[in-house]
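Structure first, commentary second.
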Amino acid sequence: MVLLAGVAAGALNAVGGGGTFVALPALVAAGLSPVTANASSTVALAPGTVASAWVYRRDLAPVGGTSTRALTVVSVIGGGLGAGLLLTLPAVSFDAALPWLLAFATVVLAFGRHVSRVVGDAKGHAVGISPRTVLIGQFLLAVYGGYFGGAVGIMMLAVWSIGLGLDTSAGNPMRVAQTAAIYLSATGLFLIASDALSAPSVLITMLIGAVAGGVAGAHIARRLPAWLLRSVVLTTAVTMTVLYFLRG
């Protein structure tokens with residue numbers, strides 16, 4: 001079960017995001033506590049996300065006027081901070097707010113580019129948030145990604161969509177790369193300060209599955225037409241939002 005969940009989670013993260021929503025329940029079902037499972041899912045999915053980013057390496061393009069290096073540095077710092085918050089703060093209030101955050105991200109992802117075009121037409125020029133705003137938004141998302149990680153890639157695409165009018169297929173390679181940076185930063189802290197290594201066989205099993213799913217998913221996503229990739233991402237976002245509302 002854990003191996004299959006790892007494959008599915010790695011593939012989801014490569015194609016559209018949301019792998020945590022598969023990995024986390026599987027780890028809890030395997031006997032890990034929720035906080036330990038949260039940390040372990042990040043550790044297990046990090047190598048698979050890095051493998052996906054490697055497949056996408058030639059497709060990376062800057063987000064707006066922000067350099068890839070600056071975006072990655074912000075992702076690393078925010079991911080580490082978010083991981084620290086997970087180990088020190090209760091998750092009850094955040095858990096209650098999560099479905100609403102996902103719903104907001106899904107709506108923005110679905111209609112963000114259309115809203116961006118309408119606002120741009122009204123202003124007489126294209127909508128484009130400043131590089132500083134992009135970095136601030138990325139830092140907040142990275143903190144969230146290190147703290148929980150679920151759908152952080154979906155939220156990333158949503159922000160870039162409405163703020164920059166960036167198409168889902170164009171932004172997907174950078175989404176994967178920045179998710180990898182967030183996961184790696186959080187993983188470093190989790191390996192030192194959490195119980196993520198308390199069940200090594202479970203962790204390694206999911207890690208192997210996630211790497212396989214991440215590589216396969218990235219190769220598949222690169223061959224999908226833009227409209228189909230966007231449909232997959234939106235379907236994933238809607239499904240995860242509904243599931244979390246039902247769970248709540």
Side-chain angles (χ1 to χ4, degrees), residues 13-14 16-18 20 49-50 52-53 56-85 94 97-98 100-186 221 226-227 229-230 233-234 236-237 241:
N13 278 344
T20 299
T49 309
V50 171
S52 299
Y56 278 124
R57 66 190 183 281
R58 293 187 178 89
D59 302 321
L60 294 176
V63 176
T66 309
S67 70
T68 301
R69 178 178 295 181
L71 203 64
T72 304
V73 169
V74 168
S75 294
V76 169
I77 295 173
L81 179 58
L85 292 176
F94 183 81
L98 181 59
W100 298 100
L101 289 172
L102 291 178
F104 174 74
T106 301
V107 171
V108 172
L109 188 61
F111 302 105
R113 292 182 69 229
H114 177 70
V115 172
S116 181
R117 283 196 300 268
V118 170
V119 174
D121 291 341
K123 287 186 172 183
H125 58 83
V127 175
I129 56 179
S130 67
R132 177 178 294 181
T133 304
V134 171
L135 291 176
I136 292 173
Q138 186 65 22
F139 174 75
L140 296 176
L141 288 172
V143 172
Y144 162 79
Y147 183 84
F148 177 69
V152 64
I154 292 172
M155 293 183 179
M156 239 182 270
L157 288 175
V159 171
W160 298 344
S161 173
I162 196 169
L164 299 167
L166 189 65
D167 183 71
T168 301
S169 59
N172 198 50
M174 184 59 76
R175 172 195 68 81
V176 174
Q178 295 309 312
T179 302
I182 294 169
Y183 279 4
L184 284 175
S185 178
W227 66 269
L229 180 60
R230 178 175 171 79
V233 174
L234 278 175
T236 302
T241 301

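Keep in mind that the numbers below use all heavy atoms, side chains included, and drop hydrogens, waters and symmetry copies.
Among all heavy-atom pairs drawn from Ser185 and Gly79, the shortest one is OG-C, 3.8 Å.
For the atom pair CG (Leu157) and CD1 (Ile154), the distance works out to 8.0 Å, reported to the nearest 0.5 Å.
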Check residues 172-182 and write down every donor-acceptor pair under 3.5 Å in which the side-chain atom is one partner and the other belongs to a residue at least two apart or another chain.
unit_1, atom_1, unit_2, atom_2, d
Asn172, OD1, Arg175, NE, 2.7
Asn172, OD1, Arg175, NH2, 2.9
Asn172, ND2, Ala14, O, 3.4
Asn172, ND2, Tyr56, OH, 3.0
Arg175, NH1, Asn13, O, 3.0
Arg175, NH2, Asn13, O, 2.7
Arg175, NH2, Ala14, O, 3.3
Gln178, OE1, Thr72, N, 3.4
Gln178, OE1, Ser75, OG, 2.7
Gln178, NE2, Thr72, OG1, 3.1
Thr179, OG1, Arg175, O, 2.7

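In this structure, Ser67 has no side-chain hydrogen bond (donor to acceptor under 3.5 Å, both in side chains) partners at least two apart in sequence or on a different chain. For Thr20, the side-chain hydrogen bond (donor to acceptor under 3.5 Å, both in side chains) partners are Tyr183, not counting sequence neighbours. Under the rule for a side-chain contact (heavy atoms from CB on, under 4.5 Å), the partners of Leu135 that lie at least two apart in sequence or sit in another chain are Thr66, Ala70, Leu71, Val74. When the side-chain hydrogen bond (donor to acceptor under 3.5 Å, both in side chains) test is applied to Thr68, no partner is found at least two apart in sequence or on another chain.
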For this session: Assess whether side-chain contact (heavy atoms from CB on, under 4.5 Å) is satisfied between Trp160 and Gln138, documenting all intermediate values.
Result: CA-CA 10 Å; Trp160 298 344; Gln138 186 65 22; 3.7 Å; yes
Problem set entry | Check against side-chain contact (heavy atoms from CB on, under 4.5 Å), Val73 and Ile77 | CA-CA 6 Å; Val73 169; Ile77 295 173; 3.9 Å; yes
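Under the salt bridge (Lys or Arg N to Asp or Glu O under 4.0 Å) criterion, the residue pairs touching residues 59-73 are Asp59-Arg222, with sequence neighbours excluded.
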